[in-house]
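Just so you know, ligand 1 is whichever comes first in the structure, and atom 1 is the first atom listed for that ligand.
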Amino acid sequence: MSSLRSLHSLLTAALLCLATLVAVPGPAHAAQPVTYDFESGTQGWAPRGDGVSVTASSELARSGTASLLVTGRSENWHGAVVAPGFAEGRTYAVTAFARAVAGESTIALTVQRTPDGGDTVYERVAAATVGDTGWVELSGRYTFTGASTDLQLYAESSDPAAAYRLDDVTITEEPGSGDGNGTSTDFETGTVQGWRARASATLAATPAAARQGGYGLAVSDRSASWDGPALDVLPVMAKGAKYTASVWVRPEEATSLGLSIERRSGDTPSYDQIAAPREVAAGQWTELKGTYTLGHDVDFLAVYVESASGTTPFAVDDFTLAHVPAVPIQRDIPALKDVLGFTIGTAVQRPQTLGEHGELLRRHFESVTPGNQLKWDATEPREGEFTFAEGDHLVDYAHANGLKVRGHTLAWHSQTPDWVFEGTKADVLRRLENHIRAVAGRYKGRLYAWDVVNEVVDENQPDGLRRSKWFQTTGLDYIRTAFRVAREVDPDAKLYINDYNTEFPRKRRALYELVRKLRAEGVPIDGVGHQLHVNIEQPHASEIEETIELIAGLGVDQQVTELDVSVYTDFVQSYPEIPAALLLKQGHRYKEIFDVFRRQSGHLNSVTLWGLADDDTWLSTFPITRLNAPLLFDDRLQAKPAYWGVADPARLEPLVHDVEVPEGTPKIDGRRDREWDLLPDVRLARNGDLSAGIQFRRSAKGLSVLAEVTDPARDGQDAVTVTVGGTDHVIRRTGPHAKGLRAHVGKTSGGYRVEALLPAGASGAGGVRLTVRDASSQDALVWAGEMTPVPAVRTTTAARGTPQIDGTVDAVWARAPEIRTATWVQGSAGATARVRTLWDAGRLHVLARVSDPRLSEESPDPWQQDSVEIFVDADNGKTKGYGDDDGQYRISFTGRRTVGGPLDPAAIEGNLTSAVRQVPGGYVVEATIGLPTAALGGDALLGFDVQVNDATGASRTAAVTWSDPTGRAHLSTARWGVLGFAR
Ligand code: XIL
């Protein structure tokens, strides 16, 4: 019997070796007990400690004929040790029998392991008092979490010198504990390792498909974009648990590949993306990876690789699906709902209600918004066919846990099936009415608010209304119908109009006008929802405050409905890991924004974040797939600086701002010269009624400082202190200034203006600090910066005049001064342009005479073709990232036009007209850029730049601008030059 067992354990050990070789699930997947009976020797047990010896001895045995004898010990921890093959997250029952050779001591079984990046730990598994008269059973359970190495299981004794015996050590994985631990396949066995085709594709393990090692999986003969390899993962995933998945793919032709998961409950399949499809070059190995939390009870679960379109063959290798053990949430930090004076909510889907996520949700939040489950595509995918399972689940959960629910959303242009918009206006309105009756009716009395319409404003339209299919077929009537029906169906729900970018001045205005008009007609709009998808830089918190104050004038409720703070300012950048400094900055950004909410809590009854924690955010795939961290808790559900910015800003490390200091010599006279107008003031976060905007210039004479202070109550002790080079320079509102300090204070409406010249700061580099003190309120603003010197802001002037846009240079151009492109952003020689600008009502005209003897349009990328780019920012915002009025207008030497800029450049595309003529040695571009929203002329200033792209064959070999030296003019307007207007 025992020898049978021992054979079994050897077999298991052999299997284990094989298992690690082929990388099928780890040891405990054998799920068979491992037994050490020492009938065939020490069976892998070894001495632990100097002088110790372990032998299989047949003098005494608990069963069979042998046991393990441990002698020569001289320390408590000396004994016998074995590598136990424990896997993370699983639970093992461990039993052993021990007997002392003489006397009595405590004998224990202990695990030693070293967590990744941590110190070695020792964990007791089982212990008992053991004497020399009989066998005593030691038994216990053991589990560990957190990746660890060097696992050892050993026996020790409280008596350092005791000799003892061990027998019948058994390690049994507890049933079910192996579930949910993930799996991996590397095809090194030369077999497909469980992968199968979703339809008729052919799968084979071949050397040609190997990324590393000897084999990979070749996938060919695909019948559709979704046909490819699938692996059943039901046995290795658990509900509520989180996984990271990774797979390497190599397509034969360039295509977009993604990793998805199909789940079925009953007969209904659902598909989730783990890694959204991304472009993969032909023949290139690329990793697809993402995380996934199984939120549902399922009876079928399979991961698969698919393409966005086409059926190109591809190779797959090195798939891993790894369980990410949950870290307990922090229970020693304040609950957000206890520290805020308004309702705090978050968007949720099923995974946020489970396990530790659910704990975090219930601890901090009072309100939830189903992120997708009440949208049209989720609730009425086909006409008259309503599906409420997911919505019901979340609403029931919320009610069971005392959470309020916001409904989102009844009418939207996105996530709405096409059939909704077929037919006549009457058809469309009838479907809308039916939909709202069904959906709002279902949840009557259970949701406290509804986003009745979502994203209906477009400030770039003359009437401020988005040209959605709703609008195209019904005009404003869909909004009227939606509110009327929603009110009728659920009279107790507060009805909201919800939108993004409401903090942008023009959109804010358009929204205001729309709500005013509709309410005047009697449309039952109770409130305005501000989505507030903002980023780490923009918009300034004061813009949010201005929006709330403006909308308050309408006498409606207001809520923040979808707050998150992207760490990116453009649609291109992507960090492999988010720098800690950026997370700190985000903490301060959240503080600044919540300072606004706190001040405005009289107008704002609720703030909802668009997500619970960074492990699940829509910004990880929108507008591109990239790592993002926009929320208050990190991907392990732990509090970020962002959380502290909201809950207790005093706990944030202080922030040092980066500030670029251009060369410049403004007059120090208390008046605001044009030099200061070239750039926007850096706005300091407001404190009470005190706020300020500041700027710096450098010259050989010193650092010029401007502070525009808003502080209505004049007090002799009001002062601005500038600290540079270790010295405080105090400039009092009412003077006098310290002897030798060149400073002037001017009066402004609502406050005062300080100008000062500080010789110590002449380099425009190093640290600088500003403190603005309001003596009457005792408030202060403190700001610290690290300065980087940059060249003077470039300026030019547009002359008044109207050229013919035909590629011939009219005489009128001679009125305008000429500028040249000479700031190389790629290479140091190549095509350049001489540029002039003219203006007339609402339009800017640009002439670029390009010298470029060899012209090419070979590259498919427009920026790699010989071309001129004109950059225009109607409000000279000098922002990181593009605002909706910023444009990049590109014209190739053959007249091809491409427009870039805001997320949706369609809005500005119509602004450009152009003509191009090739001339000996180059080409002439004439362009007109319509600026319908800008006031031109007078003292107005535009952000402006010109770039010349020089192509050689199929690639760009040089690029030169007039102003921007960063090579990022297409992503940021911060370093463009400035254009003013002549009469
Ligand atoms: C997003 C969801 O978070 C995503 O899961 C989904 O794929 C797309 O929609 N504005 C809105 C929300 O009003 O409904 C959007 O939610 C984010 C932008």
Novice: Could you check atom 3 (O) of ligand 1 against the protein and tell me its nearest heavy-atom contact, residue, atom and distance included?
Specialist: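 The closest one turns out to be W610 NE1, 2.9 Å.
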Novice: Can the positive tip of R626 be found less than 6.0 Å from the middle of the six-membered ring of Y568, inside 45° of the ring normal?
Specialist: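 So R626 does make the cation-pi contact.
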Novice: Starting from atom 8 (C) of ligand 1, what is the nearest protein heavy atom, named by residue and atom, and what distance separates them?
Specialist: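 Ranked first by proximity to atom 8 (C) of ligand 1 is Q415 OE1, 3.3 Å.
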Novice: Checking side-chain hydrogen bond (donor to acceptor under 3.5 Å, both in side chains) against Q531, which of N454, N501, T608, D451 comes through?
Specialist: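 Exactly one pass, corresponding to N454.
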Novice: Short list, please: which atoms of ligand 1 are under 4.0 Å from a heavy atom of E455?
Specialist: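 Counting atoms of ligand 1 from 1, those under 4.0 Å from E455 are 10 (N), 11 (C), 13 (O).
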Novice: Flag the pair R382 and E380 as a salt bridge only when some basic side-chain nitrogen lies within less than 4.0 angstrom of an acidic carboxylate oxygen.
Specialist: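 Salt bridge between R382 and E380, a charged N being under 4.0 Å from a carboxylate O: no.
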Novice: Is E383 salt-bridged to R430, going by a charged N under 4.0 Å from an acidic O?
Specialist: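 A salt bridge links E383 with R430.
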Novice: Hey, is N372 touching ligand 1 through its side chain, its backbone, both or neither, going by heavy atoms under 4.0 Å?
Specialist: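 Just the side chain.
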Novice: For atom 1 (C) of ligand 1, which of H408, K375, E562, Q531 has the closest heavy atom?
Specialist: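 Answer by nearest heavy atom: K375.
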Novice: Taking only heavy atoms of N454, which atoms of ligand 1 are found under 4.0 Å from at least one of them?
Specialist: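 Those qualifying, in numeric order: 11 (C), 13 (O).
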Novice: Using a 4.0 Å heavy-atom cut-off, say whether F622 meets ligand 1 through its side chain, its backbone, both or neither.
Specialist: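 Near ligand 1, F622 shows nothing, with every heavy atom at 4.0 Å or more.
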Novice: Give a yes/no verdict on a cation-pi contact between R406 and Y496, requiring under 6.0 Å between NZ or CZ and the six-membered ring centre and an angle within 45° of the axis.
Specialist: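 That pair qualifies as a cation-pi contact.
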Novice: Does K640 count as lying over the ring of Y590, i.e. NZ or CZ under 6.0 Å from the six-ring centre, within 45 degrees of the axis?
Specialist: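 Judged by the rule (NZ or CZ under 6.0 Å from the ring centre, within 45° of its axis), K640 is not positioned above Y590.
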Novice: Please work out whether any backbone atom (N, CA, C, O) or any side-chain heavy atom from C-beta onward of W412 is under 4.0 Å from ligand 1, and answer side chain, backbone, both or neither.
Specialist: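 W412 to ligand 1: side-chain contact only, backbone stays beyond 4.0 Å.
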